[in-house]
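Both ligands and their constituent atoms are indexed starting at 1 by order of listing.
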Amino acid sequence: MRKPVIAGNWKMYKTLRESVDFARELAPLLAPFSSVERIVCPTYIALAAVADALKGMEIKVGAQNVHWEAQGAFTSQIAPTMLQGLAEYVLIGHSESRAYLAETDELISKKVKAALAYGLKPIVAVGESLGQYEAGQTSQVVGGQVRAALNGVDAANMANIILAYEPIWAIGTGKNASGQLANNIIGGTIRATLVDLYGRSIADSVGIQYGGSVKPENMAEYMSQPDIDGALVGGASLKADTFTELVRIAAQEKGK
Ligand code: PEP
């Protein structure tokens, strides 16, 4: 049985003080839902303080990106060694990092391997653009991104990886993919690619989230799908009531 995982990506929102206050507000609200892995991903500068505010709680902290080298002359970057002790998870390959920071499949693969080498758990995002979706290329694009990101990752490390299917046309747009479409891509493309790379039993053990305009109103539709193991959430993770509701619905639907 895969544990459902809900990760809140706070993106470039919330100051240090706002992040800490929000983490303190969220912690008791999310506490009852221990059947769900609950993760918050604040900005780098809030990581230490949020990790501190959540100490002893079961809510995990994730970073929003990471560099691939342990240290070096890489102005503005954050090394995996620097995240150790602050974050358990790290987002890699988010479409906003691919688009605005020119992150390529090759770079993402280096980041995934570096994160694993330093004991961080990557949440690897993949997804097609609107043009690719309309051209019927979703499966080819997403399958290729999964293969590229996992290039050189051995089977033993797959226990430490989460994948997230995030169609770019659905992120922050209010236009979400239907539960059935998302389930088809996650099961028929992403998990099928994992079967090809690692075999059925490992493929069946990897958590795969959906992300893209997830909100309380559409959450049950996703969580009732057999191949969707949770959600990577932007906008709706920024408010305590909506984020808590997403976690509650995940616990309810996956507990059925
Ligand atoms: C995201 O940032 O990964 C995301 C899915 O954003 P939103 O939920 O706002 O679409």
- request: Not counting sequence neighbours, which residues clear salt bridge (Lys or Arg N to Asp or Glu O under 4.0 Å) with Arg147? List them please.
  value: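 Once residues adjacent in sequence are excluded, the partners of Arg147 under the salt bridge (Lys or Arg N to Asp or Glu O under 4.0 Å) criterion are Asp196.
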Do Glu103 and Ser97 pair up side chain to side chain, a donor and an acceptor below 3.5 Å, judged on atom types alone?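 No - no donor-acceptor pair under 3.5 Å links their side chains.
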Pair Asn176-Lys215, side-chain donor/acceptor within less than 3.5 Å =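 The answer is no; no qualifying pair exists.
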Neighbouring protein residues of ligand 1 - any heavy atom closer than 4.0 Å: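 Only Asn9, Lys11, His94, Glu166, Ala170, Ile171, Gly172, Gly211, Gly212, Ser213, Leu232, Val233, Gly234, Gly235 have heavy atoms that fall under 4.0 Å of ligand 1, ordered by chain and number.
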task: Identify the two heavy atoms, one from Gly62 and one from Leu47, that lie closest to each other, and give their separation to 0.1 Å.
output: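 Heavy atoms of Gly62 and Leu47 come nearest at O-CD2, 3.6 Å.
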Ring-face cation contact, Phe22 with Lys14, 6.0 Å cut, 45° max: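 Yes, cation above the ring, under 6.0 Å and within 45°.
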Fill in: Derivation of the side chain to side chain contact (heavy atoms under 4.5 Å, CB included) call for Glu245 and Lys239
CA-CA 10 Å; Glu245 189 56 6; Lys239 289 206 179 114; over 6 Å; no
